[in-house]
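One structure is given here, and the rest of the page talks about it.
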Amino acid sequence: MKLLIVESPTKARKIQGYLGAGWRVMACLGHVRDLPVTKDEVPEKHRALPWARLGVNTAGGYAPLYVVRPGKQATVRELRAAAKAADEVFLAADPDREGESIAWHLSVLLGLKEAQRVTYQEITAAALRQAVAHPRPLDLRLVAAQETRRTLDRLAGYGVSPLLWAAVGGAQSAGRVQSAALQLLAQREQARLAFVPSAYWRVTADVTARPAFRAAVTHIRGTPLAAASSFTSTGHLKPDVPVTQLDATKAGQLVTYLNGRPAEVTAAAVTPVTRRPPPPFTTSTLQQAANARLKLGAAEVTRLAQALYENGLITYMRTDSPALSDEALTLARAAVEARFGPAALPAKPRQYATRNANAQEAHEAIRPAGAFLAPSQTRLAGNELALYTLIYERTVASQMLDAVGEKTTLTLQAGVVTLEATGTRLTQPGFTALYDDEIRDQDDQALPLLEVGSRFPLQNAKAEEKRSPPPARFTEGKFVQVMEKAGIGRPSTFGHTLETLQKRGYVALRRRQLHVTPLGLMIAAYLQGQVPQLVDTAFTAGMEADLDRIARGELTRVAYLDRVWKEELAPAISRAAKAVPAVPAPHVPVVFTPRAGEVQARIGDRSVPLPAGLLLEDLTPDMLPALASGAWTPARDSEGPRKPRAKSAAVKPRRKKAASGSAGAERRPRRKKTPP
DNA sequence: CAGTGAGCGAGCTTCCGCTTGACTT
């Protein structure tokens with residue numbers, strides 16, 4: 001009997017079916033050994049060591065102390081017994097840095113003298129037979145790269161977090177990923193608060209052709225009219241770009257000028273447009289699409305996808321690769337043909353590649369597994385059905401033809417005023433017949449094809465005052481994409497990081513958008529001042545490059561950790577200020593100070609604890625007197641309690657969360673603010 | 001003499017990444 005060990009039990013069952021008799025396939029459920037989390041996990045004889053708390057001997061070559069993870073003893077025992085009974089053992093953890101490390105830890109725990117490592121890119125009978133026929137030794141350089149990553153994360157996390165305990169109080173935390181993520185959110189929040197909106201006017205008129213259409217003023221006497229893009233984030237006009245700025249009076253005069261005036265077509269351009277289908281889902285793009293279309297949070301998407309995976313309906317849901325296996329390409333093309341006919345298929349299958357430099361690509365895209373069941377054949381319901389449908393349609397659409405159309409741009413001249421109208425029309429819907437990811441542009445309309453020189457009177461001219469929008473806050477889905485692009489975190493941890501930031505009270509959700517709390521703002525500012533490396537996304541990018549060098553044997557683990565820990569992080573930690581300086585709110589005369597893990601707000605000469613659930617956008621000049629006297633209460637969330645969740649029968653009861661910010665406020669009867 | 005409570009000091013908190021159930025409320 002031969003033993004094959006993989007990470008996931010679902011995978012193990014499937015592979016057992018392919019390899020059949022003579023094989024036993026078992027799962028190790030991810031990492032089985034790790035650094036100790038707390039001192040209790042350190043074996044008795046090491047507990048008195050000065051580095052027992054870190055689990056890494058910083059004075060002795062950064063030697064890590066590994067222990068079997070609590071809860072994994074039974075797994076290890078079973079694997080040991082199976083290994084003993086087997087003639088041969090094959091280690092088939094995922095083909096990436098973490099997988100190589102898992103295989104190495106197993107080889108140590110199972111006492112394998114010469115470990116046989118096998119990897120495969122897709123789970124088919126042929127690929128597996130090929131893989132087990134060609135085992136290789138463990139790649140110890142790749143293992144060293146993983147150990148470096150693990151060690152650095154421990155040193156940074158356990159090294160910096162105690163600074164926050166001392167400076168802020170309470171169970172605060174910092175880390176390479178969460179602190180960089182927090183900083184990105186804090187920067188966006190501050191950019192929003194510092195943003196000065198600019199007013200500009202949009203003037204439009206109906207052109208009475210057949211059919212009639214609407215055109216917008218672009219120039220007056222050849223000078224462009226100011227639009228959102230004409231202003232900087234501080235509300236000033238961009239220099240060196242001459243524009244005309246209207247006010248209410250001038251806008252009104254322009255309306256009068258246009259009404260009834262003939263406009264002559266001076267240019268008519270038709271350009272072909274093609275749109276390619278979006279690639280199949282990865283973890284991050286699935287989060288983004290499910291958040292935008294189904295209004296699901298990151299944790300909810302993870303949970304639903306896990307259930308679909310365990311039921312054999314989709315492939316593995318933690319992946320950074322958009323690639324489809326040959327088998328999947330064939331099935332997706334068959335699905336296109338069955339539904340839309342052979343004419344809807346491109347001549348060749350479409351293959352997609354990642355554009356993400358840090359991608360490890362150990363798994364393929366998230367797609368329907370097995371027979372590519374149509375959503376109606378699945379017996380799913382509620383959110384599970386909705387998510388499966390999204391995955392199914394995106395996968396199948398990725399193998400359809402481009403959408404083809406034409407964009408028409410008409411330029412008109414009415415006296416001294418230039419107007420423009422654009423419209424896009426699809427001639428071949430292609431993939432959009434199944435999955436349309438385009439957001440409709442408000443200016444998009446059906447345009448007639450007009451001869452240059454033809455004239456039509458203008459009617460119904462209108463002027464609207466517009467405000468340039470501040471940089472948008474992130475939704476959870478959008479922010480997962482931001483993290484992936486910045487290279488911080490991995491598909492298995494994007495959701496986890498967002499949860500941590502919320503659990504610590506650094507970030508809160510309101511109307512599905514991520515807000516940085518005053519506590520989060522204070523902590524980001526402190527870390528930026530004391531340990532700037534930790535909040536810098538470039539730090540992770542540099543780390544990834546160095547880990548690759550370690551994996552290639554061009555750099556040693558100790559040399560790298562000496563440079564990053566001994567020379568940079570450790571000195572910064574030891575000279576860090578033991579107190580958090582007061583942080584001013586960017587937009588109102590309020591100063592935040594820490595007090596026993598909570599935030600105090602100083603308003604003039606008064607200091608009050610900040611009410612739970614108060615976010616930066618709640619701080620307005622109007623409410624400051626009420627806040628200072630303690631009479632301020634949060635306004636109810638305008639969206640009210642969320643409902644759609646309860647509809648689905650397939651959804652398991654969700655775990656209860658500890659005190660969620662606004663829950664208390666929602667139950668309390670609404671009260672008028674008492675005047676100060 | 002037993003029970004209460006103020007006051008004080010000691011110990012704890014924490015990272016990232018890989019994977020599922022087993023637990024409560």
(message) Under the salt bridge (Lys or Arg N to Asp or Glu O under 4.0 Å) test against Glu544(A), which residue among Arg149(A), Arg97(A), Arg549(A), Arg490(A) passes?
(response)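 Between Glu544(A) and the candidates, salt bridge (Lys or Arg N to Asp or Glu O under 4.0 Å) is satisfied uniquely by Arg97(A).
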By the 4.0 Å heavy-atom rule, please label [X] as base, sugar-phosphate, or nothing.
{"X": "Gly175(A)", "result": "sugar-phosphate"}
{"X": "Val32(A)", "result": "nothing"}
{"X": "Ala27(A)", "result": "nothing"}
{"X": "Arg490(A)", "result": "sugar-phosphate"}
{"X": "Tyr316(A)", "result": "sugar-phosphate"}
{"X": "Gly489(A)", "result": "sugar-phosphate"}
{"X": "Gln178(A)", "result": "sugar-phosphate"}
{"X": "Arg53(A)", "result": "base"}
{"X": "Ser8(A)", "result": "sugar-phosphate"}

(message) Any carboxylate oxygen within less than 4.0 angstrom of a Lys/Arg side-chain nitrogen, looking at Arg141(A) and Asp548(A)?
(response)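 So Arg141(A) does not pair with Asp548(A) through a salt bridge.
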(message) Between the side chains of Asp34(A) and Arg150(A), is the shortest nitrogen-to-carboxylate-oxygen separation below 4.0 Å, so that they form an ion pair?
(response) yes
For the pair made of [atom1] in [X] and [atom2] in [N], what is the distance, rounded to whole Å?
{"X": "Leu29(A)", "N": "dT19(B)", "atom1": "CG", "atom2": "C1'", "result": "6 Å"}
{"X": "Glu100(A)", "N": "dC18(B)", "atom1": "CD", "atom2": "P", "result": "14 Å"}
{"X": "Leu501(A)", "N": "dC16(B)", "atom1": "CG", "atom2": "C1'", "result": "13 Å"}
{"X": "Asn311(A)", "N": "dT20(B)", "atom1": "CG", "atom2": "C1'", "result": "14 Å"}
{"X": "Phe494(A)", "N": "dT19(B)", "atom1": "CZ", "atom2": "P", "result": "13 Å"}
{"X": "Trp104(A)", "N": "dC18(B)", "atom1": "CH2", "atom2": "C1'", "result": "16 Å"}
{"X": "Tyr309(A)", "N": "dT20(B)", "atom1": "OH", "atom2": "C1'", "result": "10 Å"}
{"X": "Gln146(A)", "N": "dC15(B)", "atom1": "CD", "atom2": "P", "result": "18 Å"}

(request) On the 0 to 90° scale, with breaks at 30° and 60°, tag the Phe479(A)-Phe474(A) ring pair as parallel, tilted or perpendicular. (result)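 Geometry flag for Phe474(A) against Phe479(A): tilted rings.
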Which nucleotide sits closest to the side chain of [X]: [options]?
{"X": "Glu310(A)", "options": "dC16(B), dT19(B), dT20(B)", "result": "dT20(B)"}
{"X": "Glu98(A)", "options": "dG17(B), dT20(B), dC15(B)", "result": "dG17(B)"}
{"X": "Val177(A)", "options": "dT13(B), dG17(B), dT19(B)", "result": "dG17(B)"}
{"X": "Ala171(A)", "options": "dT20(B), dT13(B), dC18(B)", "result": "dT13(B)"}

Establish, with yes or no, whether the OP1 or OP2 oxygen of [N] is under 4.0 angstrom from a side-chain nitrogen or oxygen of [X].
{"X": "Gln306(A)", "N": "dT20(B)", "result": "yes"}
{"X": "Ser173(A)", "N": "dC15(B)", "result": "yes"}
{"X": "Arg504(A)", "N": "dC15(B)", "result": "yes"}
{"X": "Arg69(A)", "N": "dC18(B)", "result": "no"}

(message) Assuming nearest nucleotide by heavy-atom distance, tell me which of Gln360(A) and Ser161(A) is located more 5' along DNA chain B.
(response)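 That would be Ser161(A).
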(request) Assign each of Gly170(A) and Pro9(A) to its nearest nucleotide of DNA chain B by heavy atoms, then name whichever residue's nucleotide is nearer the 5' end. (result) Gly170(A)
(request) Compare every heavy atom of Asp153(A) with every heavy atom of Arg176(A), then report the nearest pair and how far apart it is. (result) NE-OD1, 2.6 Å
(request) Answer yes if the ring centres of Phe90(A) and Trp23(A) are under 6.0 angstrom apart, and no otherwise. (result)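 So the answer is yes for these two rings.
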(message) Does Arg149(A) contact dC16(B) through a side-chain donor or acceptor facing the base, at a distance under 3.5 Å?
(response) yes
(message) Tell me if the side-chain of Arg150(A) makes a donor-acceptor pair with the base of dC15(B), cut-off 3.5 Å, by modelled atom types.
(response) yes
(message) Within the supplied structure, the quantity of interest is the number of heavy atoms (other residues, nucleotides, ligands) at a distance under 6.0 Å from His496(A) NE2; does it exceed 12?
(response) no
(message) According to a cutoff of under 5.5 Å between the ring centres and under 30° between the ring planes, does Tyr158(A) stack with the base of dC15(B)?
(response)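 Tyr158(A) ring does not meet the centre or angle cut-off for dC15(B); no stack.
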